[in-house]
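Reading through the structure tokens given below for one structure.
Only heavy atoms go into these numbers, but all of them, side chains included; no hydrogens, no water, no symmetry mates.
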Amino acid sequence: MPLEYLGNPPLASDHQPRPFSPAVLAGDFVYVSGQVPGDEKGEIVQGGIEVQTRQVMKNIQAALALAGCTLDDVCKTTVWLQDARDFGSFNRVYMSYFTGGKPARSTTEARLMVDAKVEIDVVAYKPKG
């Protein structure tokens with residue numbers, strides 16, 4: 001089965017398309033690129049970790065929808081936090097999005113490529129038929 005590249009490469013604040021797809025369908029799996037708290041104009045939303053986590057989750061939901069998936073289909077997440085001291089506040093928001101089964105997760109502190117407090121990528125599983 002060939003890979004299916006979903007969505008258009010996102011634009012950043014410099015209005016240049018980024019060199020990746022929002023999501024890639026590979027058989028029964030959907031790989032969502034790392035999402036930062038960017039709005040529809042490519043600008044990072046202002047605010048603390050809670051505001052930025054909500055925007056990231058909104059972006060993830062939009063990318064998953066390209067493949068007909070929801071957060072209920074997510075089996076694995078990877079989280080990068082700019083500051084480990086945000087872990088508790090991040091977790092409170094994150095947990096509100098996964099009210100059923102909890103996906104496997106890795107979380108680390110890292111300097112991000114953009115001026116954001118959080119980045120998350122996900123893998124979803126959606127069997128066909």
Which distance, rounded to the nearest 0.5 Å, do you find between the CZ of Arg54 and the CD1 of Ile49? 10.5 Å
Only pairs at least two apart or in different chains count here, so list each side-chain hydrogen bond (donor to acceptor under 3.5 Å, both in side chains) that has a residue in residues 26-40. none
Please evaluate residues Leu3 and Tyr5 with respect to the criterion side chain to side chain contact (heavy atoms under 4.5 Å, CB included), reporting the C-alpha separation (whole Å), side-chain torsions for both, the decisive distance (0.1 Å), and the verdict. CA-CA 6 Å; Leu3 297 177; Tyr5 301 93; 3.4 Å; yes
Is it true that a side-chain atom of Gln82 and a backbone atom of Leu112 form a donor plus acceptor pair closer than 3.5 Å? yes
Please report the shortest heavy-atom distance between Lys126 and Cys69, naming the atom on each side. CB-SG, 3.7 Å
Is the charged tip of Arg105 near the ring of Tyr94: under 6.0 Å from the six-membered ring centre and within 45° of its axis? yes
Non-hydrogen atoms of Lys76 and Ser106 that approach each other most closely: NZ-OG, 2.9 Å
Is the number of heavy atoms from other residues, nucleotides or ligands under 6.0 Å of Asn91 CG greater than 12? yes
Considering all heavy atoms, the nearest Tyr97-Leu71 contact: O-CD1, 3.7 Å
With Asp121 as partner, the option from Val32, Thr78, Ile60 fulfilling side chain to side chain contact (heavy atoms under 4.5 Å, CB included) is Thr78
Quick one: which residue pairs count as a salt bridge (charged side-chain N to carboxylate O under 4.0 Å, His left out) with a foot in residues 79-92, not counting sequence neighbours? Asp83-Arg85
Taking Glu119 for the side chain and Trp80 for the main chain, is one N or O donor matched with an acceptor at less than 3.5 Å? no
Which heavy atom of Leu66 sits nearest to which heavy atom of Pro22, and what is that distance? CD1-CB, 4.1 Å
Given side chain to side chain contact (heavy atoms under 4.5 Å, CB included), test Ile120 with Phe90 step by step and report yes or no. CA-CA 11 Å; Ile120 304 172; Phe90 161 78; 3.9 Å; yes
Please name the pair of heavy atoms, one in Asn59 and one in Val36, separated by the smallest distance, quoted to 0.1 Å. ND2-O, 2.9 Å
Tell me, with the steps shown, if Gln52 and Ile44 meet side chain to side chain contact (heavy atoms under 4.5 Å, CB included). CA-CA 8 Å; Gln52 289 200 359; Ile44 300 299; 3.7 Å; yes
Looking at Val51 and Gly47, what are the two nearest heavy atoms and their distance? CB-CA, 4.3 Å
Run the side chain to side chain contact (heavy atoms under 4.5 Å, CB included) check on Val122 and Leu64 step by step: do they pass? CA-CA 9 Å; Val122 305; Leu64 287 167; 4.1 Å; yes
Do Val45 and Val118 belong to the same hydrophobic cluster, where Ile, Leu, Val, Met, Phe, Trp and Tyr are linked whenever their side-chain heavy atoms lie under 4.5 Å apart, directly or via other members? no
